[in-house]
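FYI, the numbering just counts along the sequence from 1.
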Amino acid sequence: MRNHLLIRQARILQPDGEFLQGDVLIQEGKIRQIGPDIPGLAENPDPDDNLEVIDAVGLTLLPGVIDPQVHFREPGLEYKEDLFTASCACARGGVTSFLEMPNTRPLTTTQATLDDKLARAARSSLVNYGFFIGATAEHLPDLVEAHPSPGIKIFMGSMKGPLLVDDQAALEAIFSQGDRLIAVHAEDRTRIEERRQQFSDRTDPAVHSEIQDNQAALIATKRALSLSKKYQRRLHILHLSTGDEALLLREDKPSWVTAEVTPQHLLLNTSAYDTIGTLAQMNPPLRSPQDNEILWQALLDGVIDFIATDHAPHTLEEKAQGYPNTPSGMPGVETSLPLMLTQAMQGRCTVPQVAHWMSTAVAKGYGIPNKGAIAPGYDADLVLVDLNTYRPVLREEVVSKCGWNSFEGWNLTGWPVVTIVGGQVVYDHGKLNTDIRGKALSFGG
């Protein structure tokens, strides 16, 4: 039986940024035809064909979100999240592909540990997946050769153990060997340790933003940028959080360097500690309202290339332990798209810009072929959203295993109604199809 999907009368975002009111025909996981009125299969019936029709009147069709930075906790920390629960949360949030980070247990630093994650995802992930290889000084051959992987992740700070790489010789060795993308968490460990001692008498969570301050981020970003320029090495700066870094990149950003920002660094600031406490604690930390504004402008101007969530869940019990014993991180895949689409509907940006930042630019940045656009021949990873209805973020509706969200109570529009992965409906009006499985992503295409 050949399965076909016909999306009827959606407001379709086209690659040129314009909208078309019409239909999309999907066959064998690919977009085959786009037009104002596609007759489907009725004119040429085939007993081996099975056509599913989605009535999309009043809905907007966007390319599925590609989230390029998540922490899904499997293996080793499944009590916080696992690949199945996280991929369910992705489907609810319109995220059809994700790139996951290496700080699991064991760490993803070898071909063997990468293969283990790929096998786990093949068994349990409802959406498409890719996994970074983690940089340590001891695994240089794997950093160059491990496959498939979107790139090398370097923790320059905010990390303990083998994944902390801040020694200059080790960094030079990584940047000078091979040519795959290097993605950096840019915070300076030395400054953070000094300021941790300086503020050791403080136990309020707001001190987190003072310990890991703007300068700690700027020092590390300058260092990574210098190494990238020295070796002409493809660099991606993860979760840019400060206006200082954005201004630096505005003046000095080679063509092979990209950067991302999270919705929380655009929409939350240090005032959030007063309302949600440690649920606002993340690395790098939340910044000032002025930083919010400079980051927004950098995103609008193309200085920042795309958006990631840095989905990093912890249990409410862990978050209740009291600073500094509380872990940093917050979930994000369920709310990132409606958060940004709400900003679009309020005039801060446009819907095509949101789709570019959350899908098209990510596919380009990581060389992911046939994703990030609604066009014939592209993979049918799509999301139908409702831009006419506002609904609040409710804790009881959270799918992520952690069971909470830092944006609880925010009234948002653009919630996914239908999410499609590889031509298969994985989320439909609140219901998940947990029989669907995504595929491993390829890179460099």
Side-chain angles (χ1 to χ4, degrees), residues 68-69 156-158 183-192 194-195 198-199 205-229 235-255 257-276 280-310 328-330 332 336 339-340 342-344 346-350 353-354 356-358 361 365 406-407:
Q69 191 194 174
M156 299 175 72
S158 299
V184 294
H185 179 130
E187 290 189 278
D188 184 71
R189 183 180 70 90
T190 301
R191 182 172 176 86
I192 290 171
E194 289 172 353
R195 292 179 70 77
Q198 181 181 342
F199 292 97
V207 76
H208 187 64
S209 292
E210 297 183 58
I211 293 170
Q212 295 176 213
D213 67 345
N214 285 37
Q215 195 64 24
L218 182 62
I219 290 168
T221 294
K222 282 183 174 179
R223 191 179 185 190
L225 192 60
S226 175
L227 286 162
S228 173
K229 290 162 69 176
L235 173 68
H236 179 67
I237 302 167
L238 299 160
H239 44 42
L240 208 73
S241 65
T242 72
D244 304 80
E245 294 166 284
L247 293 172
L248 169 69
L249 291 180
R250 188 178 287 278
E251 297 300 321
D252 184 13
K253 187 188 176 202
S255 60
V257 174
T258 52
E260 71 186 29
V261 66
T262 70
Q264 50 269 38
H265 285 117
L266 294 171
L267 301 174
L268 298 177
N269 52 58
T270 49
S271 66
Y273 293 118
D274 293 332
T275 54
I276 59 174
Q281 181 188 333
M282 64 174 296
N283 294 330
L286 299 178
R287 308 297 185 186
S288 71
Q290 183 183 15
D291 288 296
N292 293 149
E293 294 303 314
I294 298 173
L295 290 169
W296 260 111
Q297 196 59 53
L299 181 64
L300 289 165
D301 292 344
V303 175
I304 297 173
D305 300 272
F306 43 84
I307 288 173
T309 65
D310 193 20
S328 295
M330 59 180 72
S336 59
L339 279 167
M340 295 307 299
T342 299
Q343 294 298 303
Q346 292 174 356
R348 194 74 188 260
C349 55
T350 67
Q353 283 176 316
V354 171
H356 176 78
W357 297 329
M358 301 189 76
S406 296
F407 292 94

Any heavy-atom pair between the side chains of Ile192 and Ile211 that's under 4.5 Å?
yes
Aromatic plane relationship, Trp296 with Trp357 - under 30° parallel, 30 to 60° tilted, over 60° perpendicular
perpendicular
Given side chains that start at C-beta, do those of Tyr273 and Val207 come closer than 4.5 Å, heavy atoms only?
no
Here the gap from Ser406 atom OG to Leu339 atom CG, rounded to the nearest 0.5 Å, amounts to 10.5 Å
Check against side-chain hydrogen bond (donor to acceptor under 3.5 Å, both in side chains), Asn283 and Gln212
CA-CA 8 Å; Asn283 294 330; Gln212 295 176 213; 3.0 Å; yes
Is any side-chain heavy atom of Ile276 less than 4.5 Å from a side-chain heavy atom of Met330?
no
Taking the side chain as every heavy atom from C-beta outward, state whether Gln290 and Ile294 have any pair of such atoms under 4.5 Å apart.
yes
Glu293 with Arg348: basic N within carboxylate O range, under 4.0 Å
yes
With a 4.5 Å heavy-atom cut-off, do Leu225 and Pro254 have their side chains touching?
yes
Looking only at side chains, do Arg287 and Thr242 share a donor and an acceptor under 3.5 Å apart?
no
Can you sort out the partners of His208 under ring pair (Phe, Tyr, Trp, His ring centres under 6.0 Å), two or more places apart, ordered by chain and number?
Tyr323
Arg250 vs Asp301 side-chain heavy atoms within contact, under 4.5 Å
yes
Do Leu267 and Gln343 have side chains that approach each other closer than 4.5 Å (heavy atoms only, starting at C-beta)?
yes
How about Gln198: does its CD atom have over 12 heavy atoms from other parts shown lying under 6.0 Å from it?
yes
